[in-house]
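Here is the structure we will look at, set down as structure tokens.
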Amino acid sequence: MIELSVSRARSTLASLRLAVLMFLADPQWLIPSMIAPVIFGLVAFEIFRGSGPYFVVYAILGAGMMSMWGQTLYGSGWATGQDREFGTLEPTLQAPTPYLYVVLGRVIWNVLSGLIGGLIVYLVVILAYGRPPPLVDPWAFAGLFVFVVLTLAAVGVVFAAFYVYTRYAGFIQNVGEFAFYVGTGCMFPVVLLPFWTSPFSLFFPPTWALDALRYLAIPGYAGFSWGFGIDLLGAVGTTAVYLAVAGSVFQQVQRHVLESGDLQEY
Amino acid sequence: MNEAAIEAHGIGRVFESRKGFLMQERVRTVALDGVELSVRPGELFGLLGPNGAGKTTLTKILSTLLLPTRGQAKVLGVDVARNPELVRPRIGLVLGGERGLYNRVSARENLRYFADLFGIPVERREPRIVEVLARVGLTDSADRRVEEFSRGMKQKLHLARGILHWPQVLFLDEPTIGLDPRSARETRKLVRGLVSDGVTIFLTTHYMFEAEELCHRIAVLGHGKIIATDTVAALRQLVGGDRTFEVEGYGFEDAELAQLRRLPGVSKIVSEEFGPRLRLTLRVRTREIVPEDIRGVLLNHAELSVRERGTSLEDVYLDLVEEGT
């Protein structure tokens, strides 16, 4: 008898590989991942034109976040929705690998494709309007940038769980998309929003992370009054909370699947 | 010790759903109600039952995809509800149908993905994929996208995935449904081959001839309970014998029916309208009576047709299900 050896890392890699293959096989994903960033980049630049020497940076960050948001968060949410649509949820759950690691592989791909979206925005703005001023600490910026995408993914994984609970999760996510854009300060700083929105904004990790990123990218930036350090802590803390919630929710998701038995329908 | 490959003791399963505009009404459905069964190692065990009888629910419970409301089920000696992680690597599940596959990628990629999820040793993965694709007859289509596959090819791929990790027990939920006769025959041949290899198979099907052709033993499930479990031959005896006479004519009287019942070996008579005529189905246990004995009772009927045939599994099934209702 052959000894099977289930590895979580291998399962995650297999899931990542399949996600890439599915992406390459389906041209419709070119729209959110390649075309939308170009449009976001151009629109953002026009909005911020003339607002100061660092408006190019602001445009890149805002548009980049919006395109990454679309790709990373939405894609991560869809990580389980696709299994329900394809009818592959049950065969996947029947495999010995915990489902969370399958979702993780897909989320990693969504993070990577989100980064590609951010890069496209960067290139579009440079090609159209010239290079932005150099960053003070490009390595810190790059590291934080990757972390920002991870914060999006963390929110996305929580969404992913809801796709198992309800087939209307996609609808809810679509409705909430623009509220998230505004609420997390992708295009405009959160401080410009009405006071009562702050508690909602601070509930999302990207709000903190994006503000921290602007501190690194724009000299003299004045976002939240507590400054860069607290922004960073807030981003790490809220992301940790989201990841913990995601882990716990996925335990419940697997239990829910075992209890409901109705997941073949979509 | 020859432990059962699959055991179910008092398995019950209740589903609750809500309906109404505000989901205010709670609907309770009993899908399984105290199922008892035992499948021997290496056996091909068939589960028959009408739509909604609970076949798929039982299959899902035994294959760790659904928790039973009550009762205990073991596969290869391991409790499926308490230790699903120990059961899953040792069993295969084929739910079949058009869905359940990643259609945008190739058959090989589908298998590669599941091989990784099942932890097939890396050095064995590619040879094993080649092997199972050959076994189900998909070698030439291995690198085609699944969305280009016919229903039969998809079913073969489902099977290939089910056996990819050398399962000791394979659950097949209506594996030939919707297949053309040739594909269905190939699937049945494959199933027989797996049994020859020592794989225990738990098969649900609607096709009586398929169950009769393939299964060592059969269980009939009705209204969430196992009505009977045995070999086809034994089930025939259970429903009144392996000989069946079909008598068609007009205006049979109660006295004549009573006389037929008194014939030696006649265990059961079912009367039903058949177009403008009446059809009597006589189940007979012994070899003693011949068509002439029946004609002798129904002498005054000019338009009389008496035909003998073996009791089919379909007869057995319908009798059992009707008795169970």
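In what follows, chains are A, B, ... by sequence order, proteins preceding strands, each numbered from 1. Every value quoted in this text rests on a predicted model; they were computed, and no experiment measured them.
More than 12 heavy-atom neighbours from other residues, nucleotides or ligands sit within 6.0 angstrom of CG on B:Asp197. Environment of CZ in B:Arg82: sparse, with no more than 12 heavy atoms of neighbouring residues, nucleotides or ligands closer than 6.0 Å.
The closest side-chain heavy-atom distance from B:Phe114 to A:Thr97 is not below 4.5 Å. Residues B:Phe118 and A:Gln94 meet the side-chain proximity criterion, which asks for heavy atoms closer than 4.5 Å. Between A:Gln82 and B:Tyr102 there is a side-chain heavy-atom pair separated by less than 4.5 Å.
Heavy atoms of A:Thr12 lying under 4.5 Å from chain B are absent altogether. Within the 4.5 angstrom heavy-atom criterion, no atom of A:Arg8 approaches chain B. Neither the backbone nor the side chain of B:Ile61 comes within contact range of chain A, judged by heavy atoms closer than 4.5 Å. When heavy atoms are compared at a cutoff of 4.5 Å, B:Arg161 approaches chain A solely by way of its side chain, counted from C-beta outward.
Per-residue heavy-atom pair counts under 4.5 Å with chain A were compared for B:Leu93, B:Asn103, B:Leu86, B:Thr69, and the maximum is reached by B:Leu93. Annotation: maximal heavy-atom pairing with chain B below 4.5 Å, among A:Ser11, A:Ala95, A:Pro98, occurs at A:Ala95. Chain A forms the most heavy-atom pairs under 4.5 Å with one residue out of B:Val87, B:Thr64, B:Val122, and that residue is B:Val122.
Atom CZ of residue B:Arg104 and atom CZ of residue A:Phe23 lie 13.0 Å apart, to the nearest 0.5 angstrom. In this structure, CG on B:Asn110 lies 10.0 Å from CG on A:Leu21, to the nearest 0.5 angstrom. From B:Asp116, atom CG reaches atom CZ of A:Arg10 across 4.0 Å, with rounding to the nearest 0.5 Å. Rounding to the nearest 0.5 Å gives a distance of 10.0 Å between CZ of B:Arg99 and CG of A:Leu89.
Checked by atom type and distance alone, the side chain of A:Thr88 never pairs as donor or acceptor with a backbone atom of B:Leu101 at under 3.5 Å. When atom types are taken as modelled, the side chain of B:Arg145 and the backbone of A:Ala25 share a donor-acceptor pair closer than 3.5 angstrom.
Of all the heavy atoms in A:Pro96 and B:Leu117, the pair that sits closest is CD-O, 3.6 Å.
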